[in-house]
Amino acid sequence: MKDSGSRQSSSSTPLYRTGIGYDSHRFAPGGPLILGGVSIEFDAHLHGHSDGDAVAHAVTDAVLGACAAGDIGAMFPDTDPENSGRDSMDMLRRAVGHVNQKGTTVVNVDITVVAEYPHIGPYRADMCLALSRALSIPAERVSIKGKTNEGMGWIGHGEGIACIAVATVATEESGT
Ligand code: MG
C-alpha cells in the first residue's frame, strides 16, 4: 500500500475547472416553448436559429468554457444550414462528447432561468433529467432555479428569457 506521500506525488490528480454560460432569446408567437430539453405548453416559443433552448445553450457554453474549448457559436455556427431548427440538446450532447474525448467529465451544473413567465417549477424535474442525460451525470447533480426580474426591463416586460449556467468539470491531469 502506498503511503500518503507517494499518493500526493501521483502523476494523475483530478483538476477541477469551472465555466460560466449565458444566453437569452426573445419570445415569438406560438408554442410550445422548449427549455432544458422539455416541451412546455405556452403561447410563445423562443426565437432562434436552432430551437431557441436558452437553457441548453447556456449549459453548453458553461461546459465548453470550463474546458477553454471555445463556445457554442464556434462549434455550431448559425451560418451552417444544418444548425437551422436544430435540437439544442443534441448540441449539448455533442459538446459534452467533445470534452469527454479529451479526458474531461462534467461534475455538476447549476442553472438560473430568469423569466417573468412561464414558471419553471412544474418542469424542473423533467429538465434536470433531460440535462443529466445529455451531460452523462446523475440528475442529482443538475440544479435549476427560476427567478423573475421583478417586472423590470425586457425580461420583466415579458419580451424573452435569460439563462445563466455554471459548470464544474474534472480532468485527470498529468502532474506538472
Ligand atoms: Mg442561444
- Task: Step by step, work out the side chain to side chain contact (heavy atoms under 4.5 Å, CB included) result for Thr104 and Cys67.
- Result: CA-CA 8 Å; Thr104 299; Cys67 303; 3.7 Å; yes
- Please work out which of the three classes, parallel, tilted or perpendicular, describes the rings of Phe27 and Tyr117, given edges at 30° and 60°.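 Because their plane-to-plane angle is under 30°, the rings of Tyr117 and Phe27 count as parallel.
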Closest approach of [X] and [Y], non-hydrogen atoms and distance?
X      : Y      : value
Pro118 : Ile161 : CD-CD1, 4.4 Å
Met89  : Ala130 : CE-O, 3.4 Å
Pro81  : Thr79  : CD-O, 3.4 Å
Leu64  : Asp71  : CD1-C, 3.6 Å
Val55  : Gly36  : CB-N, 3.6 Å
Ser143 : Asp110 : OG-OD1, 2.8 Å

Within this structure, what is the [atom1]-[atom2] distance for the pair [X] and [Y], rounded to the nearest 0.5 Å?
X      : Y      : atom1 : atom2 : value
Met152 : Asn149 : CE    : CG    : 5.0 Å
Phe76  : Thr60  : CZ    : OG1   : 7.0 Å
Arg141 : Ser136 : CZ    : OG    : 11.0 Å
Ile120 : Lys147 : CD1   : NZ    : 11.5 Å
Ile72  : Ser88  : CD1   : OG    : 6.0 Å
Ile111 : Arg124 : CD1   : CZ    : 10.5 Å

Just by modelled atom types, is the [Y] backbone N or O under 3.5 Å from a matching donor or acceptor in the [X] side chain?
X     : Y     : answer
His49 : Asp78 : yes
Arg26 : Leu46 : no
Asp51 : Asp53 : yes
Glu41 : Pro32 : no
His98 : Arg94 : no

Could you tell me if the side chain of [Y] sits less than 4.5 Å from the side chain of [X], heavy atoms only?
X      : Y      : result
Ile40  : Ile34  : no
Ser132 : Val142 : yes
Val107 : Tyr16  : yes
Asp23  : Asp61  : no
Pro14  : Thr171 : no
Met91  : Met75  : no

- Message: Is there a side chain to side chain contact (heavy atoms under 4.5 Å, CB included) between Asp80 and Arg86? Walk through the geometry before answering.
- Response: CA-CA 11 Å; Asp80 185 345; Arg86 188 166 193 160; 6.0 Å; no
- Between Thr148 and His119, does any side-chain donor sit less than 3.5 Å from a side-chain acceptor?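 Distance-only check fails for Thr148 and His119.
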- Message: When you compare the side chains of Thr112 and Lys145, does any donor N or O come within less than 3.5 Å of an acceptor on the partner?
- Response: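 Side-chain D/A pair, Thr112 to Lys145: present.
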- Neighbour count >12 (heavy atoms, 6.0 Å) for atom CZ, Arg133: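 Atom CZ in Arg133 is not crowded, with 12 or fewer foreign heavy atoms closer than 6.0 Å.
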When clusters are formed by joining ILVMFWY residues with side-chain heavy atoms under 4.5 Å apart, either directly or through shared neighbours, do [X] and [Y] land in the same one?
X      : Y      : answer
Ile137 : Ile144 : yes
Ile164 : Val59  : no
Ile155 : Tyr22  : yes
Leu92  : Val38  : yes
Phe42  : Tyr123 : yes

- Item | His45-His25 aromatic ring centre distance below 6.0 Å |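 When the ring centroids of His45 and His25 are compared, they turn out to be at least 6.0 Å apart.
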